[in-house]
Number of protein chains: 2
Amino acid sequence: MDAETALAGLPPGRKDNLRLWLRLLTCATLMEREIRRRLRAEFNTTLPRFDMLAALDRAPEGLTLGEVSRRMMVSNGNVTGLASRLEEEGLVERRLDANDRRAFRLRLTPLGAREFARQSRAHEVWVNALLAGVTPADRAALHALLGRAKHSIAEGSA
Amino acid sequence: MDAETALAGLPPGRKDNLRLWLRLLTCATLMEREIRRRLRAEFNTTLPRFDMLAALDRAPEGLTLGEVSRRMMVSNGNVTGLASRLEEEGLVERRLDANDRRAFRLRLTPLGAREFARQSRAHEVWVNALLAGVTPADRAALHALLGRAKHSIAEGSA
DNA sequence: CCGCAATGCTTTAAGCTCAAAGCATGTTGC
DNA sequence: GCAACATGCTTTGAGCTTAAAGCATTGCGG
């Protein structure tokens, strides 16, 4: 919904934060939709799958499901199903943790690592293309400002 | 040469856009999670329901399901279920369109309008609180920069 | 006026997501 | 050592989301 348009004529002040939030959300949503679309079209996969592979790719020694859940910032019930689907496809494997019989260590299979490398390369190209219209100066400024916004949001939801 | 000068002169890194995208996504996600959490805790509702009420609130004469789907930027199959659930709860009503027997016009019931007004007020307070740590100057700068980013993203996904 | 494409909505199947409840194992305090 | 609490994972139930297929109606070209 183009909520920004709806708010465009109102007097400034009380609703500035609302406008900022809607614009932030619009940017993130547009970008995310495009990335999801391409992951589906070119790799027949999804963003959560890609994110899980990315988390595991950064941890060659593997991660417990709980660690994955924290890094992906999703519920632990969520990663169970995700891991199972990726395991079925042979991209990931659960192996028993030697020290804790409650836990698994999840790791990429060689196939999973190869797949992620392919997807990751394409992903970087897509992101660069989507943000190609942002100048280096704007990019640096945005990065800094979003850093402060992130801090504010984290405070506010603590 | 101090660190800042050195940084300022560095060639743009290949992964700067990736970092920017990650940070943008983090901000949006943190904020959205908190808003979803509070909608659930305080109003026992969800963000998509709130969004649909918001779309209808701006259109007192009602909207067809297709119009709602376009404004919310979701699939048309999506709004069918959402509308049905809100209809069951008495917040929304489908009435036959006089001119087109394929279409419904969806509108808020008086109860729906009252509910949305309550939720909307709280929502504005939450957003203000979450962004309270962003100064007015930063807010204006962010808004402008995100406007350019939005344009770039829209170009890139056309 | 008739055929047929376009439009508006719903249904279906698959996947993602969460909160809450449950089970197995680990850890701590007594 | 054992009770009680904590941790790691899975299951369950509900809702959101999409793409694709299907049905009904509209509107257009011939």
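Just so we're on the same page: letters track the sequence lines, and every chain starts at 1.
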task = In sequence, state the C-alpha distance, the side-chain angles, and the governing distance for B:Glu89 and B:Arg85, and then conclude on salt bridge (Lys or Arg N to Asp or Glu O under 4.0 Å).
result = CA-CA 6 Å; B:Glu89 298 174 20; B:Arg85 283 184 289 271; over 6 Å; no
task = For a side chain to side chain donor-acceptor pair (under 3.5 Å) with A:Gln119, tell me which candidate from A:His123, A:Glu115, A:Arg121 qualifies.
result = A:Glu115
query = What about B:Phe50 and B:Phe43, are their ring centers closer than 6.0 Å?
reply =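 No.
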query = Between C:dC16, D:dT17, D:dT25, which nucleotide has the shortest distance from any of its atoms to the side chain of B:Pro48?
reply =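 Per side-chain heavy atoms of B:Pro48, the pick is D:dT17.
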query = Where each residue is assigned the nucleotide of DNA chain C containing its nearest heavy atom, which of A:Arg36 and A:Asn99 is assigned the position nearer the 5′ end?
reply =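 First, find each residue's nearest nucleotide; the 5'-ward one identifies A:Arg36.
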Between [N] ([atom2]) and [X] ([atom1]): distance, integer Å:
{"X": "B:Leu39", "N": "D:dG15", "atom1": "CG", "atom2": "P", "value": "16 Å"}
{"X": "A:Leu96", "N": "D:dG8", "atom1": "CG", "atom2": "P", "value": "16 Å"}
{"X": "A:Arg85", "N": "D:dT11", "atom1": "CZ", "atom2": "P", "value": "12 Å"}
{"X": "A:Glu32", "N": "D:dT18", "atom1": "CD", "atom2": "C1'", "value": "14 Å"}
{"X": "A:Met72", "N": "C:dC16", "atom1": "CE", "atom2": "C1'", "value": "10 Å"}
{"X": "A:Leu82", "N": "C:dT17", "atom1": "CG", "atom2": "P", "value": "7 Å"}
{"X": "A:Arg40", "N": "D:dT18", "atom1": "CZ", "atom2": "C1'", "value": "7 Å"}
{"X": "A:Asp100", "N": "D:dA6", "atom1": "CG", "atom2": "P", "value": "17 Å"}

query = A:Arg33 side chain N/O closer than 4.0 Å to the phosphate oxygens (OP1, OP2) of D:dT17?
reply =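 Checking A:Arg33 against D:dT17: no side-chain N or O falls below 4.0 Å of OP1 or OP2.
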inquiry  = Quick check on C:dA19: is either OP1 or OP2 less than 4.0 Å from any side-chain nitrogen or oxygen of B:Arg37?
reply    =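 Checking B:Arg37 against C:dA19: no side-chain N or O falls below 4.0 Å of OP1 or OP2.
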Could you measure the distance from the [atom1] atom of [X] to the [atom2] atom of [Y]? Nearest 0.5 Å is fine.
{"X": "A:Glu87", "Y": "A:Leu82", "atom1": "CD", "atom2": "CG", "result": "12.0 Å"}
{"X": "A:His143", "Y": "A:Arg148", "atom1": "NE2", "atom2": "CZ", "result": "12.5 Å"}
{"X": "B:Arg37", "Y": "B:Glu34", "atom1": "CZ", "atom2": "CD", "result": "4.0 Å"}
{"X": "A:Asn78", "Y": "A:Ser69", "atom1": "CG", "atom2": "OG", "result": "8.0 Å"}
{"X": "B:Trp21", "Y": "A:Cys27", "atom1": "CH2", "atom2": "SG", "result": "9.5 Å"}

task = Tell me which of B:Ser75 and B:Arg101 sits closer to the 5' end of DNA chain D, going by the nucleotide each one is nearest to.
result = B:Ser75
query = Hey, are B:Ser84 and B:Arg94 close enough side-chain-wise for a donor-acceptor pair under 3.5 Å?
reply =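 The criterion, which ignores hydrogens and geometry beyond distance, is satisfied for B:Ser84 and B:Arg94.
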ask   = Between the two ends of the helix from C:dC1-D:dG30 to C:dC30-D:dG1, what is the bend in degrees, rounded to 10 degrees, where each end axis spans five pairs?
value = 10°
Are [X] and [Y] ion-paired here, with the side-chain N under 4.0 Å from a carboxylate O?
{"X": "A:Arg105", "Y": "A:Glu93", "result": "no"}
{"X": "A:Arg107", "Y": "A:Glu61", "result": "no"}
{"X": "B:Arg70", "Y": "B:Glu67", "result": "no"}

Tabulated below should be each protein N or O lying under 3.5 Å from an N or O of nucleotides 1-3 of chain C; please produce it.
none

Protein-nucleic acid N or O pairs under 3.5 Å, nucleotides 9-13 of chain C:
from: C:dC9; atom 1: OP1; to: B:Leu65; atom 2: N; distance (Å): 3.2
from: C:dC9; atom 1: OP1; to: B:Phe104; atom 2: N; distance (Å): 3.1
from: C:dC9; atom 1: OP1; to: B:Phe104; atom 2: O; distance (Å): 3.3
from: C:dC9; atom 1: OP2; to: B:Leu65; atom 2: N; distance (Å): 3.4
from: C:dC9; atom 1: OP2; to: B:Gly66; atom 2: N; distance (Å): 2.5
from: C:dT10; atom 1: OP1; to: B:Arg94; atom 2: NE; distance (Å): 3.3
from: C:dT10; atom 1: OP1; to: B:Arg94; atom 2: NH2; distance (Å): 3.2
from: C:dT10; atom 1: OP2; to: B:Thr80; atom 2: OG1; distance (Å): 2.8

inquiry  = Students often get this wrong, so: under 4.0 angstrom with heavy atoms, is B:Asp97 touching a base, only sugar-phosphate, or nothing?
reply    =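 Nothing, no heavy atom under 4.0 Å.
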